[in-house]
Enquirer: 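Before anything else, here's the structure in question.
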There are 2 protein chains.
Amino acid sequence: MAQQKPVERHSGVSLWRQIADRIRVSIADGEFRETGRLPPAFDLADRFGVNRHTVRAALAFLAEEGLVESIQGHGTVIVGGRQLTLPISKRTRFSAGLGDQASSVATRLLNSSELPAPAEVASLLQIAPERPVIEVEEAGYVDGRPVSCSQHFFPADRFPDIARHIAATGSITRAFAACGLPDYLRHSTEVSARHADARERELMKLSPGAIVLETRAIDTDLDGRPVQCSRTRFSADRISLRMTA
Amino acid sequence: MAQQKPVERHSGVSLWRQIADRIRVSIADGEFRETGRLPPAFDLADRFGVNRHTVRAALAFLAEEGLVESIQGHGTVIVGGRQLTLPISKRTRFSAGLGDQASSVATRLLNSSELPAPAEVASLLQIAPERPVIEVEEAGYVDGRPVSCSQHFFPADRFPDIARHIAATGSITRAFAACGLPDYLRHSTEVSARHADARERELMKLSPGAIVLETRAIDTDLDGRPVQCSRTRFSADRISLRMTA
DNA sequence: TGTGATTTGTTCGTATGTATA
DNA sequence: TTATACATACGAACAAATCAC
């Protein structure tokens with residue numbers, strides 16, 4: 001197998017790391033779905049134009065992540081999964097959006113607290129600064145693998161028990177319903193991309209240097225009043241976003 | 001100055017590279033806008049918990065990119081710019097969307113060609129496979145710095161002269177108008193993030209390992225018929241996207 | 001005009017990580 | 001596994017340029 005895109009030397013990123021990153025996205029793209037395992041290390045070394053030892057270092061790194069498993073005399077089998085698409089629309093919902101692409105979608109409440117609204121949050125929620133807000137942190141899982149972590153702010157005056165309902169129902173949509181808000185709309189979503197920080201890497205089991213897609217969103221009720229603002233980080237290896245007008 | 005987030009050792013990414021990346025986003029966030037220059041290398045070394053040499057390697061890398069300039073005895077001044085936000089809506093337009101955030105916004109046509117529609121493009125444009133399409137490649141500039149590169153496909157049956165009009169007017173919106181389409185709407189936008197490849201790095205003058213935001217979009221006329229599909233890559237350091245319902 | 005404080009630039013040496021054969 | 005070459009990171013010193021006073 002001939003090499004496709006050469007690997008970058010002297011870029012400050014070691015070759016084994018670049019190769020691991022590229023194999024990871026190949027797996028996410030479903031490139032090795034037929035065989036369920038990676039080509040032999042010798043072929044990979046040839047494809048990337050590096051020494052076989054370097055490929056072995058990359059595979060050891062991916063094995064450490066739990067994405068592949070190397071078996072003596074057999075090969076390197078793929079354990080993890082491929083990329084999913086989350087639709088972003090007026091009715092953006094995490095579970096419903098991913099539900100038909102995976103067998104299980106779940107969120108887990110990490111913690112919640114009540115605090116005076118920081119200036120930016122107050123502005124986004126259109127409430128007076130220092131009015132109380134409920135902050136909720138969640139993690140999102142698809143087929144048991146963590147794919148997102150998020151931070152949500154709700155006006156405490158209007159939804160004083162939202163955290164309890166989220167804990168009980170495991171869903172923000174259902175928690176809103178329990179608070180007397182049967183439907184809500186996505187007003188705006190801002191998307192950016194950057195490297196994951198230490199906490200995101202820990203929550204989503206990412207390797208150093210992994211990329212996250214960050215969305216900052218505002219949801220409103222049907223009258224256009226803000227009901228939550230949120231900041232969600234998705235593992236870019238596992239999730240892409242689709243905006244539909 | 002105490003260190004904030006520690007730098008990752010033994011991650012396969014060199015320390016100078018991590019530090020360069022973090023300083024780059026700090027600059028994009030406007031953290032040093034007051035002084036217009038970076039703190040002394042000694043302070044940065046202390047903040048990141050590394051040797052001054054390591055910070056110097058990071059600064060040399062950023063200087064190579066043209067983002068900063070080190071002057072002996074004086075300091076390290078910031079030359080490049082901050083992050084811009086491109087609104088994505090039903091009427092997404094590159095120039096108009098960024099126009100009020102910068103003094104100059106421009107696009108440059110890189111090349112164009114006519115070819116039979118690849119299967120995916122034909123499907124997105126809702127035309128028969130192998131029907132001719134016009135492919136146009138563009139680069140986008142803000143204040144003279146490249147921020148995006150894009151690939152556009154138009155149905156050749158309906159817009160046979162689109163490439164000529166784009167070249168003449170420097171604008172897809174105006175080229176459509178010249179082809180008898182005064183208005184068009186953004187139907188859907190899919191966003192993902194990944195590392196820039198060699199060509200993108202060259203076109204946008206990015207460093208190895210830089211992140212791009214990739215959008216895949218479909219535009220339609222007012223009757224809902226697709227008029228173009230496109231794939232645009234933005235330098236994630238310079239551009240973020242905002243979706244508004 | 002000078003003088004010291006600040007800040008970048010340079011040169012040793014040494015230890016460890018990375019990549020190849 | 002071993003050997004070799006090069007990149008990365010640290011520490012200590014010193015040189016050179018700039019600025020405030």
Side-chain angles (χ1 to χ4, degrees), chain A residues 1-24 38-65 70 72-73 76 195 207-209, chain B residues 1-24 26-27 31-80 195 207-209:
Chain A
M1 200 178 295
Q3 75 178 74
Q4 354 199 63
K5 276 180 207 167
V7 75
E8 314 282 342
R9 287 165 196 269
H10 316 121
S11 66
V13 183
S14 59
L15 302 188
W16 62 262
R17 183 54 141 75
Q18 297 179 50
I19 291 167
D21 289 343
R22 283 173 54 172
I23 291 176
R24 199 190 297 107
L38 298 181
F42 182 85
D43 292 357
L44 289 172
D46 190 43
R47 177 198 304 203
F48 293 115
V50 301
N51 193 279
R52 196 170 61 87
H53 289 306
T54 309
V55 168
R56 284 179 51 75
L59 296 182
F61 184 69
L62 293 175
E64 186 77 21
E65 284 181 29
S70 289
Q72 172 98 239
T76 304
H195 288 112
S207 50
Chain B
M1 200 178 297
Q3 74 178 75
Q4 354 198 65
K5 277 180 206 163
V7 70
E8 314 282 341
R9 288 168 194 268
H10 315 120
S11 67
V13 183
S14 61
L15 302 188
W16 62 261
R17 186 53 143 69
Q18 297 179 49
I19 290 166
D21 290 342
R22 283 172 55 172
I23 291 176
R24 201 190 294 107
S26 291
I27 291 173
E31 187 175 335
F32 311 109
R33 211 176 312 164
E34 296 178 18
T35 61
R37 45 181 228 173
L38 298 180
F42 183 85
D43 290 358
L44 289 171
D46 191 42
R47 177 195 307 198
F48 291 115
V50 301
N51 192 276
R52 189 170 70 96
H53 285 303
T54 308
V55 168
R56 281 181 51 74
L59 297 182
F61 185 68
L62 293 175
E64 187 78 21
E65 286 182 26
L67 187 58
V68 302
E69 197 170 329
S70 289
I71 300 160
Q72 177 161 161
H74 179 66
T76 303
V77 302
I78 297 167
V79 187
H195 287 113
S207 49

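Below, chains carry the letters A, B, ... as their sequence lines are ordered, and counting in each starts from 1.
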Enquirer: Rounded off to whole Å, could you give me the NE2-to-C1' distance for the B:His10 and D:dA7 pair?
Expert: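 Checked: the NE2 to C1' distance equals 14 Å.
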Enquirer: Would you check if B:Ile23 and B:Leu59 make a side-chain contact, meaning some heavy-atom pair closer than 4.5 Å?
Expert: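 Answer yes - side chains close enough.
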Enquirer: Using a 3.5 Å distance criterion without hydrogens, assess whether the side chain of A:Glu8 forms a donor-acceptor pair with backbone atoms of A:Val13.
Expert: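 Checked: no pair found.
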Enquirer: What integer distance in Å separates A:Glu8:CD from D:dA7:P?
Expert: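 Rounded to whole Å, this separation is 16 Å.
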Enquirer: To the nearest 0.5 Å, tell me how far B:Arg22 CZ sits from B:Ile27 CD1.
Expert: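 The distance works out to 13.5 Å.
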Enquirer: Under 3.5 Å between N/O atoms: give me all the protein pairs with nucleotides 18-21 of chain D, atom names plus distance.
Expert:
none

Enquirer: Could you check whether any side-chain heavy atom of A:Arg9 comes within less than 4.5 Å of a side-chain heavy atom of A:Val50, counting everything from C-beta outward?
Expert: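 Yes, at least one pair of side-chain atoms sits under 4.5 Å.
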Enquirer: Hey, could you give me the OG/CD distance between B:Ser207 and B:Glu64, rounded to the nearest 0.5 Å?
Expert: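 CD of B:Glu64 is found 10.5 Å from OG of B:Ser207.
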Enquirer: Tell me: CZ of B:Arg37 to C1' of D:dA17, nearest whole Å?
Expert: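 Those two atoms, CZ and C1', are 13 Å apart.
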Enquirer: Can you pull the contact range of chain B along DNA chain C, 5' to 3', using atoms under 4.0 angstrom from its heavy atoms?
Expert: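 From 5' to 3', the first and last contacting nucleotides are C:dT7 to C:dG17.
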Enquirer: Round to the nearest Å and state the distance from A:Asn51 atom CG to D:dA5 atom C1'.
Expert: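 It is 13 Å, rounded to the nearest whole Å.
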Enquirer: Just verifying a value: how many Å separate B:Ile78 CD1 and B:Leu62 CG, rounded to the nearest 0.5 Å?
Expert: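 Separation between the atoms: 10.0 Å.
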Enquirer: Partners of A:Phe61 by ring-ring contact (aromatic ring centres under 6.0 Å, His included), sequence neighbours excluded?
Expert: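 Checked A:Phe61 against ring-ring contact (aromatic ring centres under 6.0 Å, His included); matches are A:Trp16.
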Enquirer: With heavy atoms under 4.0 Å as the rule, sort B:Arg9 into base, sugar-phosphate or nothing.
Expert: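 B:Arg9: backbone/sugar contact only, no base atoms under 4.0 Å.
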Enquirer: Take atom CH2 of B:Trp16 and atom P of D:dC10, then tell me their distance rounded to the nearest Å.
Expert: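 Going from B:Trp16 (CH2) to D:dC10 (P), I get 14 Å.
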Enquirer: Please check if the number of heavy atoms outside B:Glu69 that lie under 6.0 Å from its CD is greater than 12.
Expert: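 No, CD of B:Glu69 has 12 or fewer neighbouring heavy atoms, counting only those of other groups under 6.0 Å.
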Enquirer: Could you tell me whether B:Arg52 contacts a base, only the sugar-phosphate backbone, or nothing, with contacts defined as non-hydrogen atoms closer than 4.0 Å?
Expert: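 Here B:Arg52 touches the bases of the nucleic acid.
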